[in-house]
Every structure is written in C-alpha cells, then in structure tokens.
Amino acid sequence: MKVSDLYIVLGPTAVGKSDWGVELAESLSCPIINCDSRQIYREMRIGTAVPSDELLSRVRHYMIGTHSVTEPYTAGKYELEANALVESLFREYDSLVMIGGSGFYIDAFCNGLDDFPPADQELRRQLSQRLAVEGVAALRNELKLLDPESYNTIDVANGQRVVRALEVCLMTGRPFSSFKTSPLKKRPFNIHKIGLSRERQALYDRIDRRVLGMVADGLVEEVRSLLPYREYPALKTVGYREIFDYLDGAVTLERAVELIQRNTRHYAKRQMSYWRRDKSIEWRILE
C-alpha cells in the first residue's frame, strides 16, 4: 500500500518559508497548501505577505484567497477543508508541501480539534462588553493567571483572540491551551515538520524591511479599502489595526509603521515559543 508524505514548512513570519517551500515543492514535483490563517482571505494580500506572483507561477498553491473576511473562519474549519483537500491531492501526488506560520491551524490539521468547545454566546457577549469598557489589558492579565501558556503564545494584543481564550477557560475550567493537543488523530499519511529559523537580529531586520516593502506596495490603500469591514475578526491583526489607527488620525504613518514592525517582531517571538514544545519539528537554520 502506498504511503504518502506531507511536508509542513513552518517558522516565524518573514523567515523565508515561501521561497524555501517552493523550492522543496519543485524538487518533489508537487503543489503547496497554504496554512496561514490570514492568507486565506482574498481581501488581505499585501498585509499578509501572500507569495509573489513569481512564486505562485512556479508551483500550484491551494487555499490562498479562498474566503472573504466577512465569512467566519476557524481552525476547526481549516482542519476539515485542508484534510479533504489533502485526501484529494494524494490521489495524484505521492508527496505534498504545506506552508504556514499559524501554529494553531497546523495543530488542528495534524492532530484534530474535535473536543474544542463550542462558543458560549452569552459569556462571549459579556467578555466583549468588558473588552470595550476595560480594554484588552485587563482581559489579558486575567488570561495570564488562568492560562500562562496561551498568554505567551497567542496574539494578546488582539482582543478577539483574548476573549476566545478567556471564554474557554471560564466556560470549561480548563486552560484554552489544553485543547490544542488533545485528542491526537492519526492521519493516513506521514507528516514531516520542517521548522525554519534565523539568527534573531537577522530575522528582525527581515521583518523591518518587509513592513517597509508592504507600505511601498500599497498597504495603506489595501487597509483603506477594508474600512467597512474593520470590525470583522480577520482584520484584528498586525499590519491592519495599526493602519486603521493611522487612518483614524490617532498616529502618524511613520509611527504606524514602527508599531507594525515592533508588533510583528513580538508575534515572531510568540510563534517560536509556541513551537518549542513540539519535539517532532526538524529545525533548519537559514543564513
């Protein structure tokens, strides 16, 4: 019986996953499946660093720009859609490549999230009200007490993420992070996780340059076009919320760019913290 292999190329933002993954896919003569939780949205291309047209032309990519920011999307949905896609593609290919920096989505794909609790709408309404009145700092301090692991790994500047994590903690009496590793599903193919990393300052320099490149490529115009949708969860993310503040007149463009660079560096640090617990990852240090 044929045994298929799926290679997951992961790592912090701006480390170089897209280029490295395309070269791997070319060597295996196979397509790539996106596992970035924001590149799924068709309206968010510049601020999510969607692979260049040149890279997209070299290898077929799936699950990029397939959903709208107006459509609620979760790691659970990704698990179902990505596994169905992989099952279909393995009928044609012996190997596949998946690329992404979204640790929760990768865990969902590999291990499943069937026991993840449904939303408690009343509790979420109460927490969202607290978020509006007290600000995200109060809620994330509460999360830090209940679930230090989630506090250290999720984007705690994102109010919606903090609300969801805190909701699960309060509703179940279990840390939100405990639902990320149980139960483990056995997938009918081999999974090889390849982690890419760089020396810290080199990565931070790449992040800073990438942000400047996004602005030059039209990030402000992209965010301006999304003003009618700014309250959707997909847009509560680094690179978009800072430009919304600029468009509101709360900060200068120069300050917004500095904040994107800083917050992206913080996000990269949280990504690495998330993956350090996964001993199955084979790490490659890039020059």
Side-chain angles (χ1 to χ4, degrees), residues 9-23 25 31-75 77-78 81-82 85 97-106 109 155 157-158 160-161 196 203 206-248 253 256-257 259-265 267-268 271:
V9 180
L10 56 87
T13 185
V15 75
K17 297 184 295 294
S18 295
D19 292 273
W20 202 93
V22 163
E23 291 185 5
I32 289 171
I33 300 157
N34 167 57
C35 191
D36 182 291
S37 65
R38 292 300 183 257
Q39 290 181 5
I40 284 173
Y41 298 110
R42 66 179 66 99
E43 301 91 344
M44 302 169 65
R45 295 187 62 85
I46 298 173
T48 62
V50 166
S52 67
D53 290 341
E54 189 266 334
L55 290 179
L56 292 174
S57 69
R58 285 167 56 185
V59 173
R60 174 71 186 272
H61 285 66
Y62 291 88
M63 299 192 77
I64 288 180
T66 52
H67 294 71
S68 171
V69 295
T70 62
E71 303 169 19
Y73 200 81
T74 64
K77 285 186 178 181
Y78 182 84
E81 292 184 2
L85 175 61
V97 172
M98 177 177 282
I99 303 176
S102 301
F104 198 16
Y105 276 47
I106 291 172
F109 172 80
D155 181 2
N158 185 323
Q160 300 300 320
R161 295 273 178 92
L196 305 182
L203 177 64
R206 286 174 62 91
I207 288 171
D208 290 348
R209 290 196 302 271
R210 172 184 273 186
V211 173
L212 294 175
M214 288 176 173
V215 174
D217 288 341
L219 177 61
V220 174
E221 289 72 23
E222 178 175 85
V223 177
R224 195 190 308 275
S225 73
L226 293 168
L227 278 169
Y229 314 107
R230 64 186 298 174
E231 296 307 317
Y232 284 94
L235 291 163
K236 308 289 188 181
T237 193
V238 175
Y240 290 83
R241 57 175 181 253
E242 296 88 353
I243 298 298
F244 282 135
D245 286 344
Y246 160 67
L247 295 173
D248 289 341
L253 179 57
V257 169
L259 289 172
I260 295 171
Q261 291 171 328
R262 183 199 70 183
N263 294 337
T264 304
R265 292 193 296 267
Y267 177 55
Q271 287 175 301

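Starting from 1, each residue takes its place in the sequence as its number. Computed from a predicted structure; not experimentally measured.
- Nearest heavy-atom pair across Arg210 and Thr13 is NH1-OG1, 3.3 Å.
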Stepwise side-chain contact (heavy atoms from CB on, under 4.5 Å) test for Val15 and Arg206:
CA-CA 7 Å; Val15 75; Arg206 286 174 62 91; 5.7 Å; no
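- Note: Leu10 CG to Met98 CE = 11.0 Å, rounded to the nearest 0.5 Å.
- A pairwise comparison of heavy atoms in Pro31 and Val59 identifies CA-CG1, 3.9 Å as the closest pair.
- Evaluation of the salt bridge (charged side-chain N to carboxylate O under 4.0 Å, His left out) rule for Arg241 yields Asp155 as partners, not counting sequence neighbours.
- At a threshold of 4.5 Å between non-hydrogen side-chain atoms, the residues Ile64 and Pro51 count as touching.
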Set out, in order, the CA-CA distance, both residues' side-chain angles and the distance that settles side chain to side chain donor-acceptor pair (under 3.5 Å) for Glu81 and Tyr73, then state yes or no.
CA-CA 11 Å; Glu81 292 184 2; Tyr73 200 81; 2.9 Å; yes
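- How far CG of Leu247 is from CZ of Arg230: 7.5 Å, rounded to the nearest 0.5 Å.
- Among pairs with a residue in residues 49-71, those fulfilling salt bridge (charged side-chain N to carboxylate O under 4.0 Å, His left out) read Glu26-Arg58, Glu54-Arg58, at least two apart in sequence or across chains.
- Within the 3.5 Å criterion, the main-chain N or O of Ser102 finds no donor-acceptor partner in the side chain of Ser37.
- Considering CG of Leu85 and OH of Tyr62, their distance stands at 6.5 Å, rounded to 0.5 Å.
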side-chain contact (heavy atoms from CB on, under 4.5 Å), that's the test. Do Leu212 and Gln261 meet it? Break it down for me.
CA-CA 9 Å; Leu212 294 175; Gln261 291 171 328; 3.8 Å; yes
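- Taking OH of Tyr41 as the reference point, atom OG1 of Thr70 lies at 9.5 Å (rounded to 0.5 Å).
- Here the side chains of Tyr78 and Met63 are in contact, with some heavy-atom distance below 4.5 Å.
- For the pair Glu231 and Lys236, the minimum side-chain heavy-atom distance is below 4.5 Å.
- At least one side-chain heavy atom of Ser68 sits under 4.5 Å from a side-chain heavy atom of Arg42.
- Here Ile207 contributes atom CD1 and Asn263 contributes atom CG; the two are 11.0 Å apart, rounded to the nearest 0.5 Å.
- Scanning both residues, Cys35 and Ile106, for their nearest heavy atoms gives SG-CG1, 3.5 Å.
- You'll find the side chain of Leu235 reaches within 4.5 Å of the side chain of Leu226, heavy atoms only.
- Side-chain N or O atoms of Thr74 include one that pairs as donor or acceptor with a backbone N or O of Lys77 at under 3.5 Å.
- Closest heavy-atom contact between Leu259 and Glu242: CB-CG, 3.9 Å.
- Of all heavy-atom pairs between Val69 and Tyr229, the closest is CG2-CB, 4.1 Å.
- Of all non-hydrogen atoms in Trp20 and Leu196, the two that sit nearest each other are CB-CD1, 3.7 Å.
- Of the possible polar contacts, none joining the Tyr267 side chain to the Val238 backbone as a donor-acceptor pair under 3.5 Å is found.
- With Lys17 contributing its side chain and Gly101 its backbone, the two residues share no donor-acceptor pair below 3.5 Å.
- Between Ile99 and Asn34, the closest side-chain pair of non-hydrogen atoms is not below 4.5 Å.
- When side chains are defined from C-beta on, Val22 counts as touching Ile32, because their heavy atoms get closer than 4.5 Å.
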Test side-chain contact (heavy atoms from CB on, under 4.5 Å) applied to Ile40 and Tyr105, step by step:
CA-CA 12 Å; Ile40 284 173; Tyr105 276 47; 4.1 Å; yes
Derivation of the side-chain contact (heavy atoms from CB on, under 4.5 Å) call for Ile46 and Val215
CA-CA 8 Å; Ile46 298 173; Val215 174; over 6 Å; no
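- When side chains are defined from C-beta on, Val220 does not count as touching Met214, because their heavy atoms never get closer than 4.5 Å.
- Looking only at distances, no side-chain donor or acceptor of Glu222 sits under 3.5 Å from a matching main-chain atom of Met44.
- Partners of Asp208 under the salt bridge (charged side-chain N to carboxylate O under 4.0 Å, His left out) rule, at least two apart in sequence or in another chain, are Arg265.
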